[in-house]
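Notes for the one structure printed next.
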Amino acid sequence: MSNDAPNPPPVAPKAAREHSPLETLNHSASHVMAAAVKRLFPGAKVTIGPAIDNGFYYDFDVERPFTEEDLVAIEAEMAKDVKADLEFQREEIDRDQAVEMFRGMGESYKVEIIEGIPAGTTITLYRHGDFVDLCRGPHVDRTSRIKAYKLTNVAGAYWRGDERRQMLQRIYGCAFTDKKALDEHLRKIEEAKKRDHRRLGKDLDLFSIDEDIGGGLVLWHPKGALTRYLIEEFWRREHLASGYDLVNSPHIARENLWQTSGHLGWYKENLYNGMDVDGQQYLVKPMNCPFHITMFKNRLRSYRDLPMRWAELGTVYRYERSGVLHGLLRVRGFTQDDAHLFITKDQLNYEIERVTRFCLHILRSFGFVSFKTYLATRPAKFVGEVPAWDEAEAALKRGLDAIGLDYEMDVGGGAFYGPKIDLKLVDALDREWQCSTIQVDFQLPERFQLEYVAPDGSRQRPIMLHRALLGSIERFFAVLLEHYAGALPLWIAPVQAKVLTVSEKSEEFGREVEEQLRAAGVRVEKDLSSDKLGAKIRRAQLEKAPYMLVIGDKEVAARGVSPRSRDGRQAEMMPIDAFVRQVLDESHPSRS
RNA sequence: GCCAGCGUAGCUCAGUCGGUAGAGCAGCGGUUUCGUAAACCGCAGGUAACGAGUUCGAAUCUCGUCGCUGGCUCCA
């Protein structure tokens with residue numbers, strides 16, 4: 001295994017955060033939009049309107065929600081400002097004056113924002129035409145810079161992201177310096193739609209979510225289940241080879257356990273109602289850790305036993321609010337590729353580095369090459385002692401540094417029980433996906449009074465690391481589908497080769513080829529229908545079969561196969577066993 | 001959960017002003033036996049998500065419920 005070999009940094013170091021020209025343009029476009037909205041809806045109150053990853057938005061407090069027609073009208077109204085080529089003027093103003101001014105305008109949200117800024121601070125305003133907005137800037141110099149833009153959708157959003165506060169109406173849009181760039185952006189959105197794992201799941205017959213089963217509960221169809229099996233087999237093999245032990249735990253446990261673990265307190269909103277078993281309350285598990293911990297406590301542990309690395313593909317159930325469910329990416333029942341490491345304090349550094357390397361190895365095996373790493377630190381609400389937190393954060397930092405992984409700080413983003421490393425995958429469309437997480441936990445060893453016997457005979461408390469590499473099989477599968485647009489790598493493709501007969505005359509040999517391939521361990525299907533070859537190819541192509549084996553008179557005569565790959569490449573005719581060798585040879589994880 | 005939009009055949013979608021449901025693909029049966037992205041003919045398939053209301057009459061208008069989609073909040 002190459003787990004411990006140093007790996008090159010997967011991503012280039014990121015420059016300090018600053019405003020890109022496109023961000024500035026988008027931000028300016030949001031001002032132009034706000035101006036248009038104020039003209040069309042004089043009663044609307046403005047709030048905030050930043051540039052975001054792929055565009056901008058602006059939140060308004062309005063009498064009634066915007067409609068699609070409103071968006072068209074607002075877009076047209078914006079054109080007036082763009083055409084008028086207005087200048088963006090920066091102004092500085094005293095804080096108290098600013099409060100006065102916005103109060104006079106009836107812009108109560110702006111007043112609230114400014115009142116949150118310390119007294120005596122100079123406030124900057126940006127003005128174009130008659131519209132003035134509290135804003136740090138920067139902006140483009142003139143409205144005519146906004147050559148191409150589109151308002152894409154409207155959505156509700158809470159003021160300051162707080163669901164107890166006013167629901168505002170958010171309009172999303174995007175702006176570009178020319179029409180071509182806008183069209184390119186819209187094309188990308190179309191491309192993303194084609195890759196949507198929900199679409200692919202249906203088209204490729206991989207999985208479904210049925211309302212009769214329940215939202216967020218996944219049915220894995222034969223082909224999806226086969227790929228899942230292949231992923232899991234690989235995962236188990238790699239874990240065993242990497243010093244993990246595999247464990248298994250049940251789906252429910254007595255309420256007591258969740259009382260001790262603390263889930264009944266701080267995780268209550270995600271728990272399903274319990275069930276009565278012989279007068280005892282049982283709960284469906286939302287996490288696997290208490291089971292592994294209980295296993296740890298099953299006997300007295302020695303420092304010689306540590307580190308213990310226990311891994312389980314553990315299926316958990318968590319209540320998620322109906323509005324957040326999304327295909328396989330956000331579900332209510334899912335299988336975590338979980339593991340818990342019980343270690344001594346001295347082992348913390350090494351184990352963090354080791355598990356991070358292992359994580360990269362696993363992810364790279366699936367063909368991901370680009371990652372974004374975040375070090376999430378102590379949140380406002382936390383348990384434990386500050387020195388212990390600092391120590392754990394330092395250990396995580398050292399682990400990342402030792403590997404040479406570039407990372408960003410996610411200040412206050414840690415779990416309440418410990419800091420963590422979040423590793424996000426960057427996919428073929430440059431989107432980030434949260435899958436892997438490596439967390440230090442001081443809390444549970446404490447709550448469960450975990451102990452091991454140290455060399456001096458004293459009882460010591462171990463530290464726990466929680467980690468999931470793929471995150472959940474469901475989410476990871478979705479990311480794989482979107483990354484590969486459904487064309488899964490050969491080693492996890494549910495069907496590796498499809499036998500396509502040209503006519504009935506080649507049917508017998510077609511069956512023979514299928515049987516031979518299957519017997520040799522190739523995942524194969526046949527299409528003996530009376531359709532013409534073109535139709536069979538088309539079907540196999542849409543099914544994203546890696547190899548198509550056309551069987552016609554020539555192949556029958558030569559007792560060979562002519563593989564066509566899904567990228568359209570046509571190989572020379574070869575004997576069946578040569579093709580088998582080729583498939584088996586190519587069917588492996590990406591080298592990492 | 002909240003805001004908005006949507007829900008018509010397995011899938012993708014039409015359906016005028018409220019007048020009693022339609023296409024393509026898929027499925028099934030037949031014909032065809034064909035060489036690299038869709039052969040032809042036929043058949044079947046719908047309590048219009050569900051429930052109530054308005055109306056002589058509802059896929060169409062109204063209300064409620066459920067579900068989905070895009071966001072918000074939360075997150076593997």
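In what follows, chains carry the letters A, B, and so on, assigned in the order in which the sequence lines appear, proteins first and then strands, with residues in each chain numbered from 1. All values below were derived from every heavy atom in this structure, side-chain atoms included, with hydrogens, water molecules and symmetry-related copies excluded.
Within 4.0 Å of A/R170, counting heavy atoms only, lie sugar-phosphate atoms of the nucleic acid but no base atom. Within 4.0 Å (heavy atoms only), A/Y267 reaches no atom of the nucleic acid at all. Contact annotation for A/V331: base contact, defined as any heavy-atom pair under 4.0 Å involving a base atom. The residue A/G534 sits close only to the backbone: its heavy atoms come under 4.0 Å of sugar-phosphate atoms, none of a base.
In this structure, A/W433 has its ring center no closer than 6.0 Å to that of A/F476.
Here A/F66 does not count as stacked on B/A4, because the ring centres are not under 5.5 angstrom apart with planes under 30°.
For CZ of A/F416, the number of neighbouring non-hydrogen atoms (other residues, nucleotides, ligands) closer than 6.0 Å is greater than 12.
Between atom CZ of residue A/F368 and atom NE2 of residue A/H483 there is a gap of 5.0 Å, rounded to the nearest 0.5 Å. With rounding to the nearest 0.5 Å, the separation of CG in A/L423 from CG in A/L360 is 5.5 Å.
Of the P atoms belonging to B/C34 and B/U20, the separation is 49 Å, rounded to the nearest Å.
The side chain of A/R198 places an N or O atom within less than 4.0 Å of a non-bridging phosphate oxygen (OP1 or OP2) of B/G70.
Look at NE2 on A/H326: it is 12 Å from P on B/C68, rounded to the nearest Å.
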